[in-house]
Amino acid sequence: MYRAITIKKGSAGWGGPLTMKPTDKRNKVVSVTGGGIHPVAAKIAEMTGATPIDGFSTGVPDDEIMVVVIDCGGTARCGVYPKKKLYTVNLTAVGQSGPLAKFITEDLYVSDVTESCISYADDSQVAAAETKAIPDPKNAPAPKTKAQARAELAEMNAGKKKNFITRMGVGVGAVVNKFYQAGRETIDMTIKNILPFMAFVSMILGIIQASGIGDIIAQTISPIASTLPGMIVISVICALPFLSPILGPGAVIAQIVGSLLGVQIGLGNIPPQYALPALFAIDAQVGADFVPVGLSLGEAEPETIELGVPAVLYSRLITGPLAVVIAYVFSIGLYA
């Protein structure tokens, strides 16, 4: 028997609360967290009677998904599922962030969720939530057919031929509006995503330099990152199929390690010719957490997702070290 639940945001979270109940069709709790079925997803399934699914090993059609549990640090996954009008539970404290931020709304998304944020709900709350989300079809106007819409458009435009000046003005206005909108979205993304991360990295580097951890890093990482075999080992570790989906969210690990290596290169502890190989070594896991999401966006069949995810993850073990070797070859003589 299915039961209804309410999921509230955590202390530092955003969005929600989300009230939901499985149906005979939508009865899957999909965990896209890279480490199997997360305890939050397991508890949602246990309380509702739904079926927990590991999104990295099993593909699920969108019309069978009740809720998706993710651990996105603020990149695409935050908005991919809300864009599909699917309930999304983020384990990290991330609000409207990423390139798909405009699709992240409080009625579809909630973040910083722990097991204590989940509670049982009454069926009346579910009905109220569905009524709020879905307009009453009795009061909604009947949809127009394509023929009716075209007839109305032709009637409005009848006898109204636009001259050259008018057409040029409309065309210029459309181009200007597109550039204006692009600029507005660029500024918005810079303020919400890029600047906060720059401040975060600056704080981390300041703590490392002030605490003396930088010296420890120089003594431990520098010998490994100053040789080609060391770089290959780093890439293999980052590309391990059971680690890469966990290291991938938000590309935070790669960006922090990249900043630390950049500081060591600037201080002279690591030769500059290893900068390019280091970039590919620490990026072997980037995007590994997004593989099932990307396949789903491409409307891949569930069987394709089941086979495609491990295929891509295991391929990183080959392409990661190979990319490091290629980058090392292209770096020869680059800083001479």
Side-chain angles (χ1 to χ4, degrees), residues 1-74 76-97 103-134 245-246 249 289-290 292-293 296 302 305-306 309:
M1 179 179 178
Y2 295 135
R3 296 196 61 180
I5 60 168
T6 296
I7 305 176
K8 298 181 179 179
K9 64 182 179 181
S11 57
W14 185 91
L18 305 181
T19 301
M20 64 191 71
K21 182 180 180 180
T23 64
D24 292 336
K25 181 68 173 177
R26 292 187 179 272
N27 54 14
K28 304 293 191 303
V29 180
V30 181
S31 178
V32 190
T33 55
I37 297 176
H38 193 274
V40 169
K43 184 171 182 179
I44 293 174
E46 178 184 353
M47 293 178 65
T48 60
T51 303
I53 300 292
D54 182 1
F56 273 83
S57 60
T58 305
V60 181
D62 292 344
D63 58 355
E64 296 182 11
I65 298 176
M66 180 186 73
V67 62
V68 182
V69 179
I70 62 175
D71 59 349
C72 181
R77 270 188 302 165
C78 286
V80 166
Y81 295 109
K83 183 179 180 181
K84 295 182 175 184
K85 303 300 181 183
L86 295 174
Y87 286 128
T88 305
V89 172
N90 197 349
L91 305 176
T92 58
V94 175
Q96 291 179 302
S97 178
F103 298 104
I104 300 175
T105 57
E106 293 183 343
D107 59 331
L108 291 172
Y109 177 91
V110 65
S111 65
D112 193 29
V113 175
T114 60
E115 295 182 50
S116 61
C117 299
I118 309 170
S119 60
Y120 285 108
D122 297 329
D123 288 343
S124 58
Q125 293 177 286
V126 179
E130 291 177 349
T131 303
K132 181 179 179 182
I134 304 174
I246 300 174
D289 60 314
F290 191 73
V293 182
S296 177
I305 296 176
E306 293 177 14
V309 172

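Note that the structure is predicted; figures quoted are calculated from it, not measured.
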### Query
So, does Ser111 use its side chain to make a donor-acceptor pair with the main chain of Val94 at under 3.5 Å?
yes

### Query
Is a side-chain N or O of Thr23 found less than 3.5 angstrom from the main chain of Lys21, in a donor-acceptor match?
no

Exercise: identify the closest heavy-atom pair between [X] and [Y]:
{"X": "Asn90", "Y": "Ile70", "value": "OD1-O, 3.3 Å"}
{"X": "Glu115", "Y": "Val40", "value": "N-CG2, 4.0 Å"}
{"X": "Val69", "Y": "Ala41", "value": "CG2-CB, 3.8 Å"}
{"X": "Ile118", "Y": "Thr114", "value": "CG1-O, 3.9 Å"}
{"X": "Leu18", "Y": "Val110", "value": "CD1-CG1, 3.7 Å"}
{"X": "Ala12", "Y": "Ala93", "value": "O-CB, 3.4 Å"}

#### Entry: Test applied, side chain to side chain donor-acceptor pair (under 3.5 Å); reference residue, Tyr2; option that passes from Asn27, Asp24, Thr48
Asn27

### Query
Could you walk me through whether Cys78 and Thr88 pass the side chain to side chain contact (heavy atoms under 4.5 Å, CB included) check?
CA-CA 8 Å; Cys78 286; Thr88 305; over 6 Å; no

Rounded to the nearest 0.5 Å, how far does [atom2] of [Y] lie from [atom1] of [X]?
{"X": "Thr33", "Y": "His38", "atom1": "OG1", "atom2": "NE2", "answer": "6.0 Å"}
{"X": "Ile7", "Y": "Ile5", "atom1": "CD1", "atom2": "CD1", "answer": "4.0 Å"}
{"X": "Lys85", "Y": "Ile65", "atom1": "NZ", "atom2": "CD1", "answer": "15.5 Å"}

### Message
Before you tell me yes or no, could you show the steps for Tyr87 and Leu108 under side chain to side chain contact (heavy atoms under 4.5 Å, CB included), namely the whole-Å CA-CA distance, both residues' side-chain angles and the distance that decides it to 0.1 Å?
### Response
CA-CA 5 Å; Tyr87 286 128; Leu108 291 172; 4.3 Å; yes

### Task
For Lys8, enumerate each residue passing the side chain to side chain contact (heavy atoms under 4.5 Å, CB included) test, keeping only those at least two apart in sequence or located in another chain.
Thr6, Pro17

### Task
With sequence neighbours excluded, tell me which residues meet side chain to side chain contact (heavy atoms under 4.5 Å, CB included) with Ala42.
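With sequence neighbours excluded, Ala42 shows a side chain to side chain contact (heavy atoms under 4.5 Å, CB included) to Ile37, given in chain and number order.
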
### Task
For the residue pair Asp112 and Ser11, establish whether any side-chain heavy-atom pair is separated by less than 4.5 Å.
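Yes, close enough: below the 4.5 Å cut-off.
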
### Query
Less than 4.5 Å apart, any side-chain heavy atom of Met66 and any of Ile44?
yes

### Task
Under the salt bridge (charged side-chain N to carboxylate O under 4.0 Å, His left out) rule, collect the residues that match up with Lys28, sequence neighbours excluded.
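Lys28 satisfies salt bridge (charged side-chain N to carboxylate O under 4.0 Å, His left out) with Glu64 only.
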
### Query
Does the pair Ile104 and Trp14 meet the rule for a side chain to side chain contact (heavy atoms under 4.5 Å, CB included), with working shown?
CA-CA 10 Å; Ile104 300 175; Trp14 185 91; 3.7 Å; yes

